[in-house]
Each structure stands twice: as structure tokens, then as C-alpha cells.
Amino acid sequence: MKRLLLFDIDGTLVLGGPAKGAFHAALLETFGTAGPIDSHNFAGKTDPQIARELLSATGMAHEDIEAGFPRLWDRYLRHLGERLNRKPMNVLPGVGELLEALSGNADVALGLLTGNIVRGAELKLRSAGLFDHFRMGSYGSDSEIRNHLAPIALQRAAETWSVNFDPRDVWVVGDTPADIECGQAGGTRTLGVATGRYSAEVLAAVGADEVLHDLSDTAGTVAILTA
């Protein structure tokens, strides 16, 4: 293995789906409020971070938020699983072809780096038929702070493939400035993909090593990630 490629999920691999509705329902059941969820920006944040921001905005005490988190995640996953059966995630252009090409490359290891909690990530990717491409990942359930996730991913990759990847041989692929900053914090290279709410110009401005409008050019994207 020469390269470790770590993919964000929402806005990078898939789009749409019922996650926000599932999150809303779970917050109401657990805490009696979802806070200012309709206007809140979820992009690039971990699930625990989002929940804490929403609940803190209502004045809820830190201790009460922490006490409710285990019930929140159980309810969220139940709602998410039920709703994904009716409304699966939409795979973004070129993603399926890119993952097939990379999975067939013996020099490449594929993983996830996402703010989703681990089981939420699996449910979303299974609904889109993408989960089996990834043997490991780091998740919002590992740390609420996204910039902590790259070192966790490198450690898990070392355990999975028995390879100590140099961060310079690792790419973090994502659609938000937070993805780029997370990779930078971990010393990795970064590929910004403008398939979410942020433009290519914004992703370039925060220092992404490479920026693409989408992942539809399979050969070109493979060339960037494996050069």
C-alpha cells in the first residue's frame, strides 16, 4: 500500500436522504426540542457537535446534553434506518466509478473520515451501495472535534493494513472547508470537491491541494490521488 485515501460522506460521496429529518425527530423525542435546526449549518461538522450547538442555543445545560446523548443516538439510528428504507441516499456523479477503480488498485487503501457517528455512516453508505468499498474509518463518534479525526484514521489504517502511512501519502477528500482544515491539521494532502454547498473557489481559498468541481472524471481523479 502506497496511498491512503480518506473520504467524507455527505456532499462528497452522497447527497440528500432523510438524515436531517431523522435527527430532528430524535432530538424532539430525547430533549423536547431540536433548537434552531431549520437554519443551522450542518456542513463539515460532527454529529455530536451539531447536536450540542442546537441544544446549547436553547440554553440547555451541558450536563443535561451529555446525559441525553446515548438515548439521542439510539433514536437517531432507529429513525435513520427506517427512513433510508424509503428514501436512500443519492450517489453523486462519478462516485461509483471512482470507488470501483480505486478498489481495484493494489497500491491504494480506502477509508472514511466523516462527522457521522459510525453506525450512521454505515447506514447511509449501505443505502447507496457504497459501504463495502471501505474497511475502516474515523467518525464523529470517535471525537466531537473534527480536526482530531485524521490521526485516529491513520492509527486505524495502520492496524488494518499493517502499514504506517506517512501523512504526506494520505489524501482527505471532502466538500467543505472543515474537511480541508481537518486534513491540514493531520498533515495530509487534501482534495476539495465542490459538490456540496461550497464552491471550488472557497475550497481553494482555504488551501486545498487540489480542487475538482465533481468526481465524474474517473481517470483524472485517480491520477491526482495516486500520483
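- Using modelled atom types, no side-chain atom of R126 and backbone atom of F131 make a donor-acceptor pair closer than 3.5 Å.
- Under a hydrophobic clustering in which Ile, Leu, Val, Met, Phe, Trp and Tyr are joined whenever their side-chain heavy atoms come within less than 4.5 Å, directly or via other members, F7 and M136 fall into different clusters.
- The pair K45-E53 meets the salt-bridge criterion, since a charged nitrogen lies less than 4.0 angstrom from a carboxylate oxygen.
- V163 and L225 are assigned to two separate hydrophobic clusters, defined by single-linkage of ILVMFWY side chains at heavy-atom distances under 4.5 Å.
- Look at R119 and E122 and you find a salt bridge, because one of the NZ, NE, NH1 or NH2 atoms lies within 4.0 Å of a carboxylate O, short of that distance.
- In this structure, the side chains of V170 and L154 come closer than 4.5 Å at one or more pairs of heavy atoms.
- A donor-acceptor pair is defined here as one N or O able to donate and one able to accept, closer than 3.5 Å; no such pair exists between the side chain of S143 and the backbone of L149.
- Residue E29 is tested with R71, H79, H24 for a side chain to side chain contact (heavy atoms under 4.5 Å, CB included); the sole match is H79.
- Between the N85 side chain and the G81 main chain, a donor and an acceptor come within less than 3.5 Å of each other.
- Side chain of T195 to backbone of G11: a donor-acceptor contact under 3.5 angstrom is found.
- Ion pairing between R3 and D169 holds under the 4.0 Å rule for side-chain N and carboxylate O.
- Q184 contributes a side-chain N or O that, together with a main-chain N or O of V206, makes up a donor-acceptor pair within less than 3.5 Å.
- Between R146 and the options T114, D179, T176, a side chain to side chain donor-acceptor pair (under 3.5 Å) holds for only D179.
- A donor-acceptor pair under 3.5 Å is formed between the side chain of S141 and the backbone N or O of V118.
- Put simply, the side chain of S103 never gets that close to the backbone of E100: no donor and acceptor are under 3.5 Å apart.
- At least one side-chain heavy atom of F31 sits under 4.5 Å from a side-chain heavy atom of L72.
- Judged by distance alone, the side chain of S127 and the main-chain N or O of P88 form no donor-acceptor pair under 3.5 Å.
- Counting only heavy atoms from C-beta outward, the side chains of D8 and V173 never approach each other to under 4.5 Å.
- With no hydrogens or angles considered, a side-chain donor-acceptor pair links T12 and D175 at under 3.5 Å.
- At a threshold of 4.5 Å between non-hydrogen side-chain atoms, the residues D10 and M89 count as touching.
- Taking the six-membered ring where the residue is Trp, F165 and W161 present perpendicular rings, their angle passing 60° and hence far from 30°.
- For the residue pair T160 / R135, no side-chain donor-acceptor distance below 3.5 Å is found, with atom types taken as modelled.
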